[in-house]
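If you read the sequence from its start, that first residue is 1, and numbering goes on from there. Because the structure is predicted, anything quoted here is derived from the model rather than measured. As the structure lists them, so they are numbered: ligands from 1, and atoms in each ligand from 1.
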Amino acid sequence: MKSDNLDIDIDSIREEFPILRREAENQPLVYLDNTATSQTPSVVVDAIVDMYECHKANVHRGVHLLSREATDMQEATRRRVAAYINASPEEVIFTRGTTEAINLVAASYGSRFSEGDEVILTVMEHHADIVPWQLLQSRTGIKLRVVDIDERGVLDLEQYRSLFGPRTVMAAFCHVSNVLGTVNPVKKMIALAHEHKVPVLVDGAQASPHLSLDMKDLDCDFYAFSSHKMYGPAGVGVLYGRRELLESMPPYQGGGEMIGHVSFDGTTFADLPFKFEAGTPDFVDIAAFARCIDFIERVGMENIALHEHALLEYATERMAGIPGLRIYGTAPDKSAVISFNVGDIHNYDLGLLLDRLGVAVRTGHHCAQPLMERLGIPGTVRASFAVYNTREEVDVFVAALQKVTSMFS
Ligand code: PLP
């Protein structure tokens with residue numbers, strides 16, 4: 001099946017994802033929880049198996065063949081990621097995921113902040129971009145300033161602009177909201193912050209699976225993302241950091257591989273990027289992560305985005321007929337995420353009943369409790385799309401939703 005005049009064949013893409021052939025509750029699985037994590041193509045799984053079966057040895061530690069091979073594979077991924085996001089390899093730090101990347105920046109870069117300094121966040125942040133700053137707040141007494149949204153889920157840019165003041169030391173916001181799907185104008189927001197000489201951290205967890213990334217074009221200071229949302233293995237993330245900033249920052253964790261020389265009189269630290277990579281990294285999954293980027297480039301990010309957008313429009317149109325349905329997040333050009341409630345049916349009930357019909361959606365607060373509070377709701381059901389989803393799956397989802405909501409009327 002060709003996708004809406006695009007140059008990609010969704011059936012053959014689906015063939016690359018064995019998990020999509022399985023059943024759920026005796027029905028074909030319809031996986032619409034891609035915002036939480038996306039599925040992984042065989043080429044990536046094969047790369048993991050290949051590492052375990054042929055090359056496994058600790059990286060940067062051995063002179064022997066296997067260690068050299070494993071090290072080369074890890075460092076090849078670093079170069080691959082760097083080229084993919086238009087950065088240099090020293091600026092690519094491997095972490096466990098977006099969460100660890102943001103914690104790294106808050107703990108390390110944030111160690112220079114003092115009482116009364118201000119960090120600008122937005123009300124649509126995931127807890128991963130709230131709690132690390134609150135931990136820093138409890139240590140240093142910084143203040144958090146929060147940008148609001150309008151009824152569509154679009155950030156109030158005037159308010160954002162007005163929050164910068166003499167004590168502003170950092171702005172940290174998501175590129176794409178995991179609940180609303182809003183794509184924030186990050187390039188403009190970064191430029192505004194830079195007018196005030198304020199560095200920016202962008203949480204790219206939900207942008208990296210759907211948008212091409214160019215750190216130089218964004219003029220970004222820090223950018224965080226996770227492999228598992230990009231068709232990749234869990235346990236690997238990336239912190240991009242501008243070289244001058246990373247060089248000025250103290251290490252985040254101490255241990256093996258991040259040192260120059262250790263003695264009881266004092267320790268010197270390794271150069272970038274290793275200064276921020278204490279201990280054995282998840283070198284197996286890091287090696288395989290390069291194959292995810294191959295996959296994304298082979299399919300083409302533009303094709304992925306266009307296909308997902310077509311599914312988003314189709315699903316939104318089809319869902320409009322369901323009595324009592326309310327969608328949260330209607331920003332123009334939003335990402336392929338639909339958060340919704342139906343009447344006063346609890347989101348868990350809807351999610352559980354959809355699951356019985358083979359449809360996997362996410363329910364709850366989506367790790368965005370302040371946003372839920374802002375919206376005045378405890379949670380939503382969330383359906384989110386990836387390149388392997390089809391219009392037929394949208395039909396199954398909407399039919400299932402009609403069936404389960406009619407049970408409450
Ligand atoms: N930020 C956003 C916007 C997210 O959606 C998520 C995960 O859903 C995260 C951060 C955290 O990502 P991870 O759990 O991979 O660290």
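Under the side chain to side chain contact (heavy atoms under 4.5 Å, CB included) test applied with Leu306, the options His309, Glu308, Glu302 reduce to a single match, Glu302.
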Could you pull out every donor-acceptor pair under 3.5 Å between side chains of residues 173-186 and any protein atom, sequence neighbours left out?
unit_1: His175; atom_1: ND1; unit_2: Tyr223; atom_2: OH; d: 2.7
unit_1: Ser177; atom_1: OG; unit_2: Val179; atom_2: N; d: 3.1
unit_1: Ser177; atom_1: OG; unit_2: Leu180; atom_2: N; d: 2.9
unit_1: Asn178; atom_1: ND2; unit_2: His366; atom_2: O; d: 2.9
unit_1: Thr182; atom_1: OG1; unit_2: Gly153; atom_2: O; d: 2.7
unit_1: Asn184; atom_1: ND2; unit_2: Cys174; atom_2: O; d: 2.8

Throw together a table of side-chain donor-acceptor distances under 3.5 angstrom for residues 343-351, partners on residues two or more places apart or in other chains.
unit_1: His346; atom_1: ND1; unit_2: Tyr348; atom_2: N; d: 3.0
unit_1: Asn347; atom_1: OD1; unit_2: Gly364; atom_2: N; d: 3.1

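Using a distance-only test at 3.5 Å, with no hydrogens or angles considered, a donor-acceptor pair links the side chain of Thr405 to the main chain of Gln402.
Every residue meeting the salt bridge (Lys or Arg N to Asp or Glu O under 4.0 Å) condition with Arg356, not counting sequence neighbours, appears here in chain and number order: Glu25.
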Need the list: ligand 1 N/O atoms against protein N/O atoms, distance under 3.5 Å, rounded to one decimal.
unit_1: ligand 1; atom_1: 1 (N); unit_2: Asp203; atom_2: OD1; d: 3.2
unit_1: ligand 1; atom_1: 1 (N); unit_2: Asp203; atom_2: OD2; d: 2.5
unit_1: ligand 1; atom_1: 5 (O); unit_2: Gln206; atom_2: NE2; d: 2.6
unit_1: ligand 1; atom_1: 8 (O); unit_2: Lys229; atom_2: NZ; d: 2.5
unit_1: ligand 1; atom_1: 15 (O); unit_2: Ser226; atom_2: OG; d: 2.6
unit_1: ligand 1; atom_1: 15 (O); unit_2: His228; atom_2: NE2; d: 2.7
unit_1: ligand 1; atom_1: 16 (O); unit_2: Thr98; atom_2: N; d: 3.3
unit_1: ligand 1; atom_1: 16 (O); unit_2: Thr99; atom_2: N; d: 2.9
unit_1: ligand 1; atom_1: 16 (O); unit_2: Thr99; atom_2: OG1; d: 2.6

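Side-chain contact of Glu313 with Thr316: a donor-acceptor pair under 3.5 Å is absent, judged by distance alone.
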